[in-house]
Amino acid sequence: ATLQEIQDSGSIRIAVANEIPYGYVDPNGEAMGAGPDVAKAIMEKLGVENIEWVTTNFSSLIPGLQADRFDMVAAEMAILPDRCQQVLFSEPNSSYGEGLLVAAGNPKDIHAYSDFAENPDLKVAIMAGADQLEMMQKLGVDEANLVTIAANADAISTVSTGRADAYAATSLTASGLAGQNDGVEVAGEFTDPVIDGEEVRSWGGFTFASGNEELRDAVNEALAEFKATPEWSETLMGYGFTQADVDGSGHKTTEELCAAE
Amino acid sequence: MLFGYEWDLSSPLAFAVSILPILLTGMLVTIQATVVGFLVALVLGLVLAVLKAAPSRLIAWPARVVTEFIRDTPLLVQLFFLYYVLPEYGIVLPAFMTGALALGIQYSAYTSEVYRAGLEAVGTDQREAARALSFSPTHTFTHVVVPQAIPRIVPAMGNYLVSIMKDVPVLSVVTVLEMLNVAKIVGDRTFDYLVPLSMVGALYLIMTLVASSGVRLLDNWLPKQGIPLK
Amino acid sequence: MHWTEYFPPLLQGAWVTVQLTVYSTILGAALAFIFGIGKLSTNWAIKGVSVAYIEVFRGTSLLVQLFWLYFALPLAGMAMGIDLRLPPVVAGVLALGLNIGAYGAEVVRGAIQSVHTDQHEAARALNFTPRQTLWNVTIPQAIPEMMPSFGNLAVQNLKDTALVSLISLGDLTFRAEQIRNFTQDSTTIYSMLLLTYFGMALVLTVIMRGLESYVSRWRTARS
Amino acid sequence: MTDDPIIKFDQVVKRFGDLTVLNKLDFEVKKGEKVSIIGPSGSGKSTVLRILMTLEGIEGGVVTVGGEPLWHEKAADGSLKPASEAHLRKMRTQLGMVFQQFNLFPHMTVLRNITEAPIKVLGLSKKEAKQRGEELLELVGLADQAHKYPHQLSGGQQQRVGIARALAMRPNILLFDEPTSALDPELVGEVLNVIGKLAEEHDLTMLLVTHEMRFAREISDRVCFFDRGKIREEGAPEELFTDPSEERTREFLKAVLD
Amino acid sequence: MTDDPIIKFDQVVKRFGDLTVLNKLDFEVKKGEKVSIIGPSGSGKSTVLRILMTLEGIEGGVVTVGGEPLWHEKAADGSLKPASEAHLRKMRTQLGMVFQQFNLFPHMTVLRNITEAPIKVLGLSKKEAKQRGEELLELVGLADQAHKYPHQLSGGQQQRVGIARALAMRPNILLFDEPTSALDPELVGEVLNVIGKLAEEHDLTMLLVTHEMRFAREISDRVCFFDRGKIREEGAPEELFTDPSEERTREFLKAVLD
Ligand SMILES: Nc1ncnc2c1ncn2[C@@H]1O[C@H](COP(=O)(O)OP(=O)(O)OP(=O)(O)O)[C@@H](O)[C@H]1O
Ligand SMILES: Nc1ncnc2c1ncn2[C@@H]1O[C@H](COP(=O)(O)OP(=O)(O)OP(=O)(O)O)[C@@H](O)[C@H]1O
Ligand SMILES: [Mg+2]
Ligand SMILES: [Mg+2]
C-alpha cells in the first residue's frame, strides 16, 4: 500500500522473520526486537495506529514485499547492493558484526568463517536467504559444506546434533541462540571475517517494495528524528546491541551501502 | 552459483538451461530418497502387517493403533519429530536418512494394508488344498500364498512408490537438497522463482510418468496365469 | 514456558487448520465433480482440459504446487501484467483444493462409471435428457460409491494442511514451530502436535462416516 | 384395434460388429394390437424392442412409429437423413418399456420412481404427478408401498413398479422384455396379472417378449416366432401353438413346453 | 476289500459355535471299500470328509484311520491326548482329497500341480515325480495338457487334474467332496468316468459325497444317507435306492430323483 493509503486506513502490515533479537513475534502474537520496537515508534510518529504483524521465513521477506503480502519489513535485514536492486531500504537503523554458534565446548575449535574454507571437513549452517552465504562464497567455502536451514531456531538442533559444526550468523543472533540452550555456545576468540580487505559489518534497515519511495522517505524522516532521541539507543541496547553497534549505525548511508562493490 | 554451476540470467530460456544441471543434481537426491524411503516402507509395512495379523490381541491391537496413528498424522510433523526429537535421546541421523526414514514410516501404514489385502485374497481353499497335500506351513506360505499374492501386491506398491516420490519435497524442510529445495535456493538467490519452480513441476511430471509406466510394465511382465485379481 | 501454556497458541493454529481443511475439502469436492464429469465428456475440449488438470496435479508434488502458487505465480502475473499475488490463505486453500480435487476427480469418474448401463437405459426410456440422467440418476447413485474414498481423501487433505506452514500460514504446525523456536522443547511440542492431528483425523473420519451413511440411506433402509 | 400399423419395420438391418442380428426384418403392429414375440435365445427379440425404445440404432431399412420414421428425419428435399437427438426425444414419448431386470432407480422411493419423469420430462406439477403416481400404484396393487425403496420390495413388486413407471409417461405403445424371467417362480403370477389387466382394459399397443407360453396365448392377438433375426412364423395364438406350420417352430415349442 | 475298518468314527462330536453338526457319530469304512455319502444340504457330509482330511478338529469322541487315532496321540501312560501337528502330518499322508471347487494352484502348470507335493513332501526326485505325474495325467486322460495352466482348462479337465494331484501322494484313502457339482452338466460325465475307473481298477478306499445318485449306485459298495449329522440309513445301493426303510430317506430320494 502507498503511504497515503496507509495513513488513510491507519493500518500497516509489517513483516518479521522470527529472529531474536532483530525482529520476532512471541507466541502471544506480540512483536518484539530492535526492528519492531523502532517501527512502532516510527508508526506512531506517522500517525498509523494499527500494525498488522506478519511472521515469515527470512527467505520469503523480499518475495513477500514484491508480492505485496506486507508493506514493510522490520527484520534489520542487511543493506546489500544485490538486495537494493530488488527492494528499497531505509537509512540504517542498526549495525552489527558477525558471530558463530558452535556446539558446547567448541569441539572442532572453530574461531572464524575462514576456517570453513581452510578445513573442508567442517560443515557450516546458514539460514536460507541470509547474507552469510555471500560471505562464505567470497571466502571460498565449498558449496557442499553449506547446510541451509529455514529458520534461526533450527540452528540449535543443527549444531548441537553435529549436523553442522557451526552456525554462521550475526553476533547478536548467535548469542541469543546460545542463551537458549546448553548444548551450544558462541565461538570464543572470534575473528571477524575480512572480505575484500574490509572487516565485515552489516547495516540493517527497514525494507519496502520498489516503487514505494514515499513510504520509505516518510519512514526515513521519522527514523532520523527517533535516532536523535536517547530512547532509540536504549531500545537497541535493551536487545543486546553494544555501544559500538549503536555508533556504527551512523557510519554509512544506504546510498553508500547500495553502491558498494 | 550452486554446485559449481553458474546461472545465466540473460533470458528465461538461458536461465532455464543454465540451472538444469543444478536441478538434476537435486533430482538425483529425490530419486535416492524415493528408493530408500520405499525400501523402508516395504520392510516396515511387512513387519506391521505380520504384527497386525498376529493371533495374540496383545500384539495385533497395538499394531493396529500404531498403523492408524501413522496414517492419520502428517508426514511433515513426523519428519520434524524424527529430526528434532530423536537427537534429544541421542539418536542423530543425517538429514537424508531421517527424511527417508520418515517417508518409510509414513508409507509403512499404507503398505501394510497392501500386504494384508494381498495375502487375504489368497483364499482358504488354497490353504486347504495345500494342507490336504501335507505341505508344511512354510512351504504353503512361500510357494502357494506368496506367489499368488505378488501380482495383487505389485501394482498397489508401485502406486505408493510414485506417491513417495511426490512427498520427497517435504524433506527440504530438514535441509535435504532434493529438487524443490535446490530450486528454492536458486530462487532465493536470483529472486526468480518462476523458472526454477516451473521446471521442477515439469520434471516431476516426467518422473511420475516414467515411474508409472515402469510400474505398469512390471505389472504386465509379472506372470499371473489365472490368478483371480480383484 | 510451561507446557500448558502451549495450548492457547496451538488452539489458534488448530482452528486455522480446521478452516483450511474445510475450505479446501469443499473446493476439492467441487473440482472433483467438475473435472471427474468433464473427463467423461464427449466434447474433446472439455475432456482434454479435465485430463490435463487431473494429470498435472496428480503428477506433481503438492509442495511444488504450493510453492509455485506462492512464489512463482506472482512473478508470472507480473510478466503478464496481472496481479496474481495471492495471500497465503488463498494460495494454501487453492493448492490443497486443486491437489485433492485431482485425486477426487478420478474417484468421481470411477463411481459414475460404476453405475450400471441398465440405469442409463431406463432413464433414456423415460426420455430424460443426458443432463437430467446425470444429475437425477447417475450422480445420486454414484455418491455413496465415492464416499469411502472421499473419506480417505479428506483425512489426506487434513494432513496436507501441515505443509501450508511452510508459506507462513499460521496453522497448527506453524504455531508449533513458533513455540519450538522459543522453547526448543521439541519432544513435548511435537508429541502434542502429533496427538492433535490424530484427534482431528479421528473426528474427521467419524464425520465422513456419518455423511456416508446419510447419503447412502436409500441403500440401507429397512422394511 | 384399427388397421393402421402403428409400428412398422421395413427391411431393417441391425449388426453388432460382424454379427448381423436383424437381416432385413419386416414386421408390423397395428394400433391397439397385443403382440407376443417368442423364440430361442439370441434370436433378436430384445433387439427389436431396444430399437423401438431407441436404445439401439439401426444399420439399414426404416422403422416407423405412428407413421413417422423413428431413426430418420425427413430432410427439406423429402429424403431421409439420420435422426437428431431432438427427433428421437420426440418419438420416444410415444413408447414405454418394462425391463427384464426392472431397472428401477434404487435411490428413489417407489413413488418418486414413478413421478420423476412426468415432473422432469412432461413438466407435470408435483401435485399432479403424485396424484397420478398414486393412481398407478393402486392399479398395480402397491398403493401401500409408495414410500419404500426398491430394494425393500420383492422382485414381483419391483416389476409392478416398473410397469407403473412406464405407464406414468402415458405411452401409446408399451414394450415388455421378458418382464417375468428375473422373478422367482412364485412371483411370476402377480406380474402377469397386472399385464393381463392392462391388456384387457386399455387401448394400449403392447409388444411382449416372453417365455411364458401359456400367458402369451391368453393375452395376445398375435404371436410371432423369431429365429435368427427373422420372423419364421406368425399367427393367432391358437393356430401357432396348436398347429405350427414350420418344423423349427414345432421344435422350439416342444423344447419350451416340456 | 478286507474286514478291517480303515476309518472309524467313534461317538464323534463336532460343533461350530452353538451348532452341533455331528452328534456322537459312529461310522466305519473297511479297507478298499467304496462308500457314497448322500443327504440334504447342511447335514454334515462335507464335515465328515474335512475331519478326516484334518481340515477341521473335533470336540468329542475318537476318529481312527488305519487303526491309529487321527486327532489324538497315545501319551506315555496310554491315555489319549490331542494330536500334535507332527502327528497330524504323519496321518495325513494316508489320505487324499478332491475338492468341489478343484482348488488347483493357479500359478503352477498342470504338471507342477501334481509333482509339487511328491517332491516337497514325499521327497521324490524331480525326474521320478515328473514321470509319475505324466502317468497320472495319462490315467485321467490329460497327457497332452501337462504344460498348461489351470485357467486354460475346462472345469472337467481341472477336476481331473485335481484327482491326479490327490493320487500323486499315493494315499490309501481318497475323499471326494461333491467332485462334479461345480461343473457344467456336459462336463460331469468325463469326471465320473475317471472316478469310476479308479473305483474299478484300484484297491483304494474311497469316500464320496455326491448328488449323482445314479453314479453312486453304480460304483458304491455301500451308500450312507446322512441327515442332521447322523447316519439315518445305510446299505447296499440296490436296497437303499429301491427300497429305503426310512421315511426320511424316501422323501429325500424322491426329491432328488425327480
Ligand atoms: N451390445 C451388443 N453387442 C454385441 N452383440 C450383442 C449386443 N446385444 C445383443 N447382441 C447379440 O445379438 C444377438 C441377439 O440378441 P438379443 O438380446 O436380441 O436376443 P434375444 O432374442 O433377446 O435373446 P434372449 O432370449 O437370450 O434375451 C445375440 O447373439 C447377442 O449376443
Ligand atoms: N466353518 C464353519 N463355521 C460355521 N458353521 C459351519 C462351518 N462349516 C460348516 N458349517 C455348518 O455346518 C453344517 C454342516 O455343514 P456341511 O458343510 O458338512 O454340510 P453338507 O452336508 O456338506 O452340506 P452341502 O450339501 O450343502 O455341502 C451346516 O449347517 C454348515 O452351515
Ligand atoms: Mg432378450
Ligand atoms: Mg458339502
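Sequence lines set the chain letters: A, B, ... in the order given, protein chains first and strands last, and positions in each chain run from 1.
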A.B. asks: Does any backbone or side-chain atom of F105(D) lie under 4.5 Å from a heavy atom of chain C? Answer side chain, backbone, both or neither.
C.D. replies: both

A.B. asks: Around atom CD of Q113(C), are there more than 12 heavy atoms of other residues, nucleotides or ligands at under 6.0 Å?
C.D. replies: yes

A.B. asks: Got a salt bridge between E85(D) and R89(D), using NZ or NE/NH1/NH2 to carboxylate O under 4.0 Å?
C.D. replies: no

A.B. asks: Do NZ/NE/NH1/NH2 and the carboxylate oxygens of R165(D) and E116(D) come within less than 4.0 Å?
C.D. replies: no

A.B. asks: Have S36(D) and S220(D) got a donor and an acceptor in their side chains that come within less than 3.5 Å?
C.D. replies: yes

A.B. asks: Please look at S216(C) and chain D and tell me whether the side chain, the backbone, both or neither of the residue comes under 4.5 angstrom of a heavy atom of that chain.
C.D. replies: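 Neither the backbone nor the side chain of S216(C) comes within 4.5 Å of chain D.
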
A.B. asks: So for Q119(C), is it side chain, backbone, both, or neither that comes closer than 4.5 Å to the heavy atoms of chain D?
C.D. replies: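 The answer is both parts of Q119(C).
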
A.B. asks: Do the charged groups of E106(C) and R109(C) touch, with an N to O distance under 4.0 Å?
C.D. replies: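 Looking at R109(C) together with E106(C), the answer is yes, because their closest N to O distance falls below 4.0 Å.
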
A.B. asks: Highest number of heavy-atom pairs under 4.5 Å with chain C: which of L104(D), L153(D), L88(D), L95(D)?
C.D. replies: L104(D)

A.B. asks: Is L55(D) in contact with chain C via its backbone, its side chain, both, or neither, using a 4.5 Å heavy-atom distance?
C.D. replies: both

A.B. asks: Would you call R219(C) and E212(C) a salt bridge, using N to O less than 4.0 angstrom?
C.D. replies: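 A salt bridge is absent here (no side-chain N lies under 4.0 Å from a carboxylate O).
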
A.B. asks: Using non-hydrogen atoms only, which part of L175(D) is less than 4.5 Å away from chain C: side chain, backbone, both, or neither?
C.D. replies: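 Neither part, no heavy atoms under 4.5 Å.
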
A.B. asks: Taking side chain as everything from C-beta outward and backbone as N, CA, C, O, which of these in T109(D) sits under 4.5 Å from a heavy atom of chain C? Side chain, backbone, both or neither.
C.D. replies: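 It is neither, since no heavy atom gets under 4.5 Å.
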
